[in-house]
Amino acid sequence: MKKIIGGTKGAVALALTVTLFGTTAYAAETPSTTETVEAQLEQATPVLTYEEALEKAKKHSVDLIDLQKTNDYLQESKEDLWDAVGSFSIPTYDYQKWVNDAVYSYTSGIYNTDSGMTKNKYTTQITNLMLEATLKSTFSSIVENEADLELLKKNCEIQKTLYEQGQTKLSLGMLSQYKLDQLKADYDESKVNVYQLEKTLEQKYANLNDLMGESVDKVYEVEYNVEFEPYELSGTIEAYINAAMNSDYSILLKEQAAEDAKFKQNYVAESINNSTNKSNKLSYGTAQRALKAAKEDKDIAIRNAYVQLQQSEANYKQAESDLAQAQADLKTAEVNYQVGNVTELKLEQAQLAVTKNEIALQKLADAYDMQVFAFKNTSLIGSVSSGSSSSSSSSSSSSEE
């Protein structure tokens with residue numbers, strides 16, 4: 001929590017400075033001693049990387065723990081069935097066949113156990129991906145908000161300067177009370193903005209701690225650096241989509257559901273009644289249609305995600321141009337300040353403009369990184385029918401069976 005860490009360092013440094021300046025014999029040692037204490041505090045604050053946080057989050061995830069417990073249970077059930085019937089393999093069920101009820105009982109039991117393990121495996125992979133995406137989003141949000149906070153503090157300082165200048169101008173008759181009130185309102189608003197973002201950051205750190213299973217007041221410094229790297233698609237988008245259909249876990253879950261329905265329709269116990277038989281046939285048709293629709297939706301969603309990647313790349317290039325212009329304006333302001341053509345306030349405003357554009361550029365890089373992550377892991381790309389974007393996780397994927 002950088003804000004909390006920073007406040008602690010400042011308080012200790014201030015107390016140390018006051019103490020040292022109160023003793024003449026040691027006053028000359030104040031700068032180096034203070035720097036030493038701050039360096040020690042900096043070293044004492046643990047740094048948290050994304051990889052470390054992900055490892056902790058996976059160990060703490062109730063969903064992943066439950067899925068592992070389910071897998072263990074299914075594996076034990078499968079072993080129990082094998083112990084009961086001996087070595088066994090699932091017979092073919094490409095066409096409808098009726099079998100003895102006893103044979104059906106243990107055959108369907110083994111099939112359902114295998115199917116359950118397969119679906120559990122796919123759901124586990126989706127859950128892992130969603131946890132990674134959530135953590136990436138949390139880390140980037142914290143880093144971005146830290147940068148925004150510093151920006152708001154600088155803006156607050158500028159608003160304070162403008163307000164103080166306004167007070168002077170009012171006393172000299174150069175500014176109306178109405179204009180001064182506006183300056184005060186802007187200054188007050190800037191202070192509120194700083195306070196609100198500080199509280200937002202505290203909540204984000206608390207949420208991150210909860211995600212990792214850490215105490216809510218755990219203190220650390222987040223380390224997360226994302227660089228913009230344009231994504232290059234090898235081959236055509238059609239080839240990429242075809243490959244994705246064979247590895248996308250949400251699609252694989254739909255395929256397994258269709259396979260389950262096929263087994264129920266074609267592998268039938270002799271005691272089954274006609275009504276149940278018809279119901280099984282209906283379920284198989286429904287599962288096939290659901291699989292077909294899911295593939296069509298996924299096809300469109302992947303294409304849309306690729307287009308959005310290209311749009312984000314264009315936005316990043318524009319942001320680079322905006323930053324270059326702001327940097328050029330700053331250089332001009334620096335020259336004019338040196339010769340006395342502009343005030344220090346104008347120079348600070350030009351510096352602030354550069355900082356704003358730097359933050360905007362980094363935010364685009366973070367967002368693009370999330371889009372690329374989802375595009376590479378298409379299970380995270382929601383169906384177009386639900387209105388999901390390429391950077392959003394599909395909350396329905398883990399429940400598709």
Exercise. Between Lys317 and Asp322, does at least one N-O distance fall below 4.0 Å, as a salt bridge requires?
Worked result: no
Problem set entry | Whether Ser283 side chain and Ser279 backbone form a donor-acceptor pair below 3.5 Å | yes
Problem set entry | Pairwise distance CG(Asn277) to CH2(Trp98) - rounded to 0.5 angstrom | 5.5 Å
Problem set entry | Heavy-atom side-chain contact between Phe263 and Asn266 under 4.5 Å | no
Exercise. Under a 4.0 Å N-O cut-off, is there an ion pair linking Lys191 with Asp188?
Worked result: yes
For this session: Please test Phe139 against Tyr224 for ring pair (Phe, Tyr, Trp, His ring centres under 6.0 Å), starting from the C-alpha separation and ending with a verdict.
Result: CA-CA 7 Å; Phe139 261 65; Tyr224 190 65; 5.5 Å; yes
Exercise. With side chains defined as the heavy atoms from C-beta onward, is the minimum distance between Tyr205 and Val219 less than 4.5 Å?
Worked result: no
Seminar exercise, completed: So CD1 of Ile110 and NZ of Lys78: to nearest 0.5 Å the spacing works out to 8.5 Å
Exercise. Going through the checks in order, is the salt bridge (Lys or Arg N to Asp or Glu O under 4.0 Å) test met by Glu296 and Lys292?
Worked result: CA-CA 6 Å; Glu296 291 172 350; Lys292 182 174 181 294; 2.6 Å; yes
Exercise. With a cut-off of under 6.0 Å to the ring centre and 45° to the axis, is Lys69 in cation-pi contact with Tyr73?
Worked result: no
Exercise. Distance from Leu152 atom CG to Asn193 atom CG, nearest 0.5 Å?
Worked result: 6.0 Å
Problem set entry | Residues Asp260 and Ser115: side-chain donor-acceptor under 3.5 angstrom | yes
For this session: Would you indicate whether the side-chain heavy atoms of Leu131 and Leu64 approach each other to under 4.5 Å?
Result: yes
For this session: Please say whether more than 12 non-hydrogen atoms of neighbouring residues, nucleotides or ligands are located less than 6.0 Å from NZ in Lys264.
Result: no
Problem set entry | Note: Asp299-Arg303 ion pair, threshold 4.0 Å (strictly below) | yes
Problem set entry | Spacing of CD1 belonging to Ile359 relative to CG belonging to Asp366, to within rounding of 0.5 Å | 11.5 Å
Problem set entry | Asn209 side-chain N/O to Val216 backbone N/O, donor-acceptor pair under 3.5 Å | yes
Problem set entry | Pairing of Glu55 and Lys59 as salt bridge, 4.0 angstrom limit | yes
Exercise. Looking at Tyr231 and Tyr240, what are the two nearest heavy atoms and their distance?
Worked result: OH-CE1, 3.8 Å
Exercise. Judged by modelled atom types alone, do Tyr163 and Gln159 share a side-chain donor-acceptor pair under 3.5 Å?
Worked result: no
For this session: Report yes or no: does Asn336 contribute a side-chain atom to a donor-acceptor pair with the main-chain N or O of Asn341 at less than 3.5 Å?
Result: no
Problem set entry | Side chain Asn357, main chain Ala353, donor-acceptor under 3.5 Å | yes
For this session: Give a yes or no on whether the backbone of Val354 and the side-chain of Gln327 come within a donor-acceptor separation of less than 3.5 Å.
Result: no
Exercise. Do Ile302 and Phe375 touch side chain to side chain, with heavy atoms closer than 4.5 Å?
Worked result: yes
For this session: Would you mind checking if Lys295 and Glu255 are paired as a salt bridge, meaning a charged N to carboxylate O distance below 4.0 Å?
Result: yes
Problem set entry | Expected output: side-chain Ser137 to main-chain Ala133 donor-acceptor under 3.5 Å | no
Problem set entry | 4.5 Å side-chain heavy-atom contact, Leu183 and Lys179 | no
For this session: Indicate yes or no for a side-chain donor-acceptor contact from Asp369 to the backbone of Ala365 under 3.5 Å, with no hydrogens or angles considered.
Result: no
For this session: Could you grab the distance from atom CG of Leu208 to atom OH of Tyr220, nearest 0.5 Å is fine?
Result: 3.5 Å
Exercise. Any cation-pi pair here, Lys97 with Tyr267, using under 6.0 Å and within 45°?
Worked result: no
Exercise. Would Gln308 and Tyr368 count as a side-chain hydrogen bond (donor to acceptor under 3.5 Å, both in side chains) if you check the C-alpha gap in whole Å, the side-chain angles of each, and the deciding distance to 0.1 Å?
Worked result: CA-CA 9 Å; Gln308 289 168 5; Tyr368 184 77; over 6 Å; no
Exercise. Could you give the distance from CD (Glu320) to CG (Leu361), rounded to the nearest 0.5 Å?
Worked result: 5.5 Å
Exercise. Under 3.5 Å, is there a donor-acceptor pair between the side chain of Thr124 and the main chain of Leu67?
Worked result: no
Exercise. Just by distance, do the side chain of Thr378 and the backbone of Ala374 share a donor-acceptor pair under 3.5 Å?
Worked result: no
For this session: Verify, without hydrogens or angle tests, whether Asn377 (side chain) and Leu380 (backbone) share a donor-acceptor contact under 3.5 angstrom.
Result: no
Exercise. Can you find a pair of side-chain heavy atoms, one from Lys298 and one from Ser250, that are under 4.5 Å apart?
Worked result: yes
